[in-house]
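Chain A is the first sequence line, chain B the second, and so forth, proteins listed ahead of strands; every chain is numbered from 1.
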Number of protein chains: 2
Amino acid sequence: MEARHLRYAVALAEHAHFGRAATALGIAQPPLSKQIAALEREVGARLFDRTRRGVFPTAAGAAFLVRARAALAEIGAASVDAARAARGESGRLRLGFIASALLDPLPGVLRRFSRERPGVRLELHEMASSRSSAALAGGELDVAVTLGRPRGIGAERLVSVPVGHDHLVAVVGSGHPYAGLRSVAVAQLLHQPLILASGEDEPAVAAGLRDLLGEGSPALASATVARDVHTVIGLAACGVGVGLGPSRMLAAPRPGTWFCEVTPRTPLPDLVLSFSPEDRSPVLDAFLDVVRANCPVVGAALDRRLGPRSEAAG
Amino acid sequence: MEARHLRYAVALAEHAHFGRAATALGIAQPPLSKQIAALEREVGARLFDRTRRGVFPTAAGAAFLVRARAALAEIGAASVDAARAARGESGRLRLGFIASALLDPLPGVLRRFSRERPGVRLELHEMASSRSSAALAGGELDVAVTLGRPRGIGAERLVSVPVGHDHLVAVVGSGHPYAGLRSVAVAQLLHQPLILASGEDEPAVAAGLRDLLGEGSPALASATVARDVHTVIGLAACGVGVGLGPSRMLAAPRPGTWFCEVTPRTPLPDLVLSFSPEDRSPVLDAFLDVVRANCPVVGAALDRRLGPRSEAAG
DNA sequence: GGCGCGCGATACCCCCTGGGTATCGTCGGC
DNA sequence: GCCGACGATACCCAGGGGGTATCGCGCGCC
């Protein structure tokens, strides 16, 4: 049985007349008679009663038509759904990211992406950079934002572009003596209670501080350790001490906090956007477009890695 | 787009290999490649990624396949449902009947029919005979059991067969003086409180009694009137008086009641089964089969009206 | 590193079948 | 009783679905 048979049966039921149904289908009446006869032969039951007053479905025909209409609706939806998916207007995007990425590149990108692609389900997974890399290589994520380039098995197959440069900055509550300062020197941190994110989540901050303050520094040893940079800012705002984190923090100002540069300027690893070029999908391309639009420097780097924009532009 | 394209796409997704999918479909590989290419052209999107390790659906392909499988399931169900309906194994039967028919022919018929055709929904409508006839002629019922042959517009197009002959009998409670009698004479009814069904529902009983007792008989004038014959029996069982109704009542004995013949024997109109021969359906045929099997006399009458059994015997 | 092989795409051909025209059978209605 | 409407049938044609042969291209294996 072919979709043609369903279309013909539905048209015949709607017009209750072979000639008019055939005209509506764009064919002549005899082929329609033949196809309906063939359909009835295949089903093994008469589907239409040919009376003088019109052509009406039998009980079997009525049962058939219910399914036929449903099948035709599914067939139509198949094309539509596939085309939508091909244009990246539906589907899902699984994004792994380190918590601090929520400070700077992600808010704008996610807001814009979900506005431009309301049909795409965003699955956001906050996780450590190492887990993001592994999940990306294993196909469990579509795109990841990590600290530094991904390493580990499969990482060499990933495309990675830096999303921006970072250096170490300090954050204090408004009532803190350092509030209002443009910058603080490393020496000013030595006898302050320090707050920084834990090793796994933001390992670079702790490493940078070790470089600045010395390996066994008491200030570092007694530092308050938070799970992620958001908590660091929150604790600093409460006056617990001097928070230390990536300069990305400046992009998300929060009332009651004050940010100062740390001198000497201490670079931190870049935030990096990665994905598997083999698993590119229209949704991923759409996401990359949004990233391009939000951070022009990323666009140039992407073009260098993928060629000047895919032809599947929506 | 034809069902063939859906079948091919599903097979290709299942085998992840053009050659094996083609073999499973019973065709060669090149036609499958062509059909998939044509499908992708029509949808306007690549549906499968051809990699060295196999053929996998793209995001668009995955969306397409969901709909394709659903459509194919509907198409398969269309045939099955139609065949079932053609065999009278599904659908509905709308039966109109007079209340007293529940005493005799209907219990056995309905029990047997619902056992033989569990997929058919029985719609039972108790109504006066005149309404049944009109509903049958108007296409609102498939079959009706009425008192006497249907009359009124459209009734001449109906096929009607008597389901059995009836005459007037009396029913009393076990404690009644008549309990235990084989028969009662008309004279014995003259000074008894009588119970009979109301005019609309069982008009023949009242008419028969008028013939027996005389037009202005005080016994008739003071008779208790119930809506239907079931109530008559119930009231008689309570000792309210002598119930009068069709001999069909004998078929549904009820504890605490006693039935006696009324002499002289007074025939009542037959219970008649009617349907529209133009609207015959497999379900109706199946119902008529059950009626035949339950009441052999009806079978002969039906055969006389319709020919010796339809060829669509299930 | 070259050859072989597995796989999908392409080229080309055939014939099946879907659709066309012409016509018939039949049943109502005027 | 004739005509007209409608579905079925007969017959023909051509488009396309499916066949075989072959190519292009990686990958893997000596």
Side-chain angles (χ1 to χ4, degrees), chain A residues 1-58 60-61 64-65 68 72 75 156-157 277-278, chain B residues 1-58 60-61 64-65 68 72 75 154 156-157 277-279:
Chain A
M1 189 183 315
E2 287 299 329
R4 182 186 49 257
H5 296 119
L6 311 184
R7 282 188 273 266
Y8 288 8
V10 168
L12 181 55
E14 278 174 1
H15 291 89
H17 187 285
F18 273 79
R20 284 192 287 277
T23 304
L25 289 166
I27 64 173
Q29 170 259 319
L32 178 58
S33 286
K34 269 205 302 186
Q35 292 296 323
I36 295 292
L39 174 61
E40 289 178 327
R41 201 175 330 118
E42 175 169 355
V43 170
R46 181 141 276 233
L47 299 179
F48 291 94
D49 269 335
R50 287 80 157 167
T51 76
R52 304 116 201 96
R53 285 184 311 288
V55 179
F56 305 105
T58 62
F64 182 88
L65 285 165
L72 291 174
I75 290 175
E156 69 284 354
R157 315 188 137 218
E278 299 164 11
Chain B
M1 189 182 315
E2 287 299 329
R4 176 174 12 92
H5 296 117
L6 311 185
R7 281 188 273 267
Y8 288 8
V10 168
L12 181 55
E14 277 175 1
H15 292 89
H17 186 286
F18 273 79
R20 283 192 289 277
T23 303
L25 289 165
I27 63 172
Q29 170 260 318
L32 177 59
S33 286
K34 267 204 304 189
Q35 292 296 322
I36 295 292
L39 174 61
E40 290 178 328
R41 201 175 330 117
E42 176 169 356
V43 170
R46 181 141 275 234
L47 298 180
F48 292 95
D49 269 336
R50 287 83 156 163
T51 75
R52 306 121 200 91
R53 284 182 314 286
V55 179
F56 304 105
T58 62
F64 182 88
L65 285 166
L72 290 174
I75 290 175
E156 70 285 354
R157 315 189 139 217
E278 300 165 9
D279 296 341

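Of the candidates D:dT20, C:dC12, D:dG26, D:dG26 carries the atom nearest the B:Arg52 side chain, counting heavy atoms from C-beta on. Checking D:dG19, C:dA9, D:dG7 against every side-chain atom of A:His17, the shortest atom distance belongs to D:dG7. Here the nucleotide nearest the side chain of A:Gln35, chosen from D:dG18, C:dG8, C:dG19, is C:dG19. Minimum atom distance to the side chain of B:Phe18 is reached by C:dG8, of the listed C:dG8, D:dT20, D:dA10. Minimum atom distance to the side chain of B:Pro31 is reached by D:dG19, of the listed C:dT10, D:dA8, D:dG19. Between C:dG19, C:dG8, D:dG18, one nucleotide has an atom nearer to the side chain of B:Gln29 than all others, and that is C:dG8. With C:dA9, D:dG18, D:dG19 as the choices, the nucleotide that has an atom nearest any side-chain atom of B:Ala28 turns out to be D:dG19.
Distances shown here put a side-chain N or O of A:Arg4 below 4.0 Å from the OP1 or OP2 atom of C:dG18. Taking side-chain N and O atoms only, B:Ser33 has no distance below 4.0 Å to OP1 or OP2 of C:dG8.
For the pair A:His15 (side chain) and A:His17 (backbone), a donor-acceptor distance under 3.5 Å is absent. A donor-acceptor pair under 3.5 Å links the side-chain atoms of A:Arg50 to the main chain of A:Phe48, judged by distance alone. A donor-acceptor contact shorter than 3.5 Å links the side chain of B:His5 to the backbone of B:Glu2. Under the 3.5 Å distance criterion, the side-chain polar atoms of A:Thr58 are matched with a main-chain donor or acceptor of A:Arg46. For the pair A:Glu42 (side chain) and A:Met1 (backbone), a donor-acceptor distance under 3.5 Å is present.
B:Phe48 comes within contact range of no nucleotide atom at all, as no heavy-atom separation falls under 4.0 Å. Using a 4.0 Å heavy-atom distance criterion, B:Gly54 is classed as making no nucleic acid contact.
Atom-to-atom, CD of A:Glu2 to P of D:dG18 comes out at 9 Å; the value is rounded to the nearest Å. Here the P atom of nucleotide C:dC7 and the CG atom of B:Leu12 are 13 Å apart, to the nearest Å. With rounding to whole Å, A:Arg7 atom CZ is found 13 Å from C:dG18 atom P. Straight-line distance from the CE atom of A:Met1 to the P atom of C:dG18: 13 Å, rounded to whole Å. Atom pair B:Ile36:CD1 and C:dT10:C1' shows a separation of 16 Å (rounding to whole Å applied). Distance B:Leu32 CG to C:dA9 P: 9 Å, rounded to the nearest Å. Atom NZ in A:Lys34 sits about 18 Å away from atom P in C:dC24, given to the nearest Å. Computed from coordinates, the A:Arg20 CZ to D:dG7 P distance equals 8 Å when rounded to whole Å.
Comparing A:Ala38 and B:Ala16 by the nucleotide of DNA chain C whose heavy atom lies nearest to each, the residue mapping closer to the 5' end is B:Ala16.
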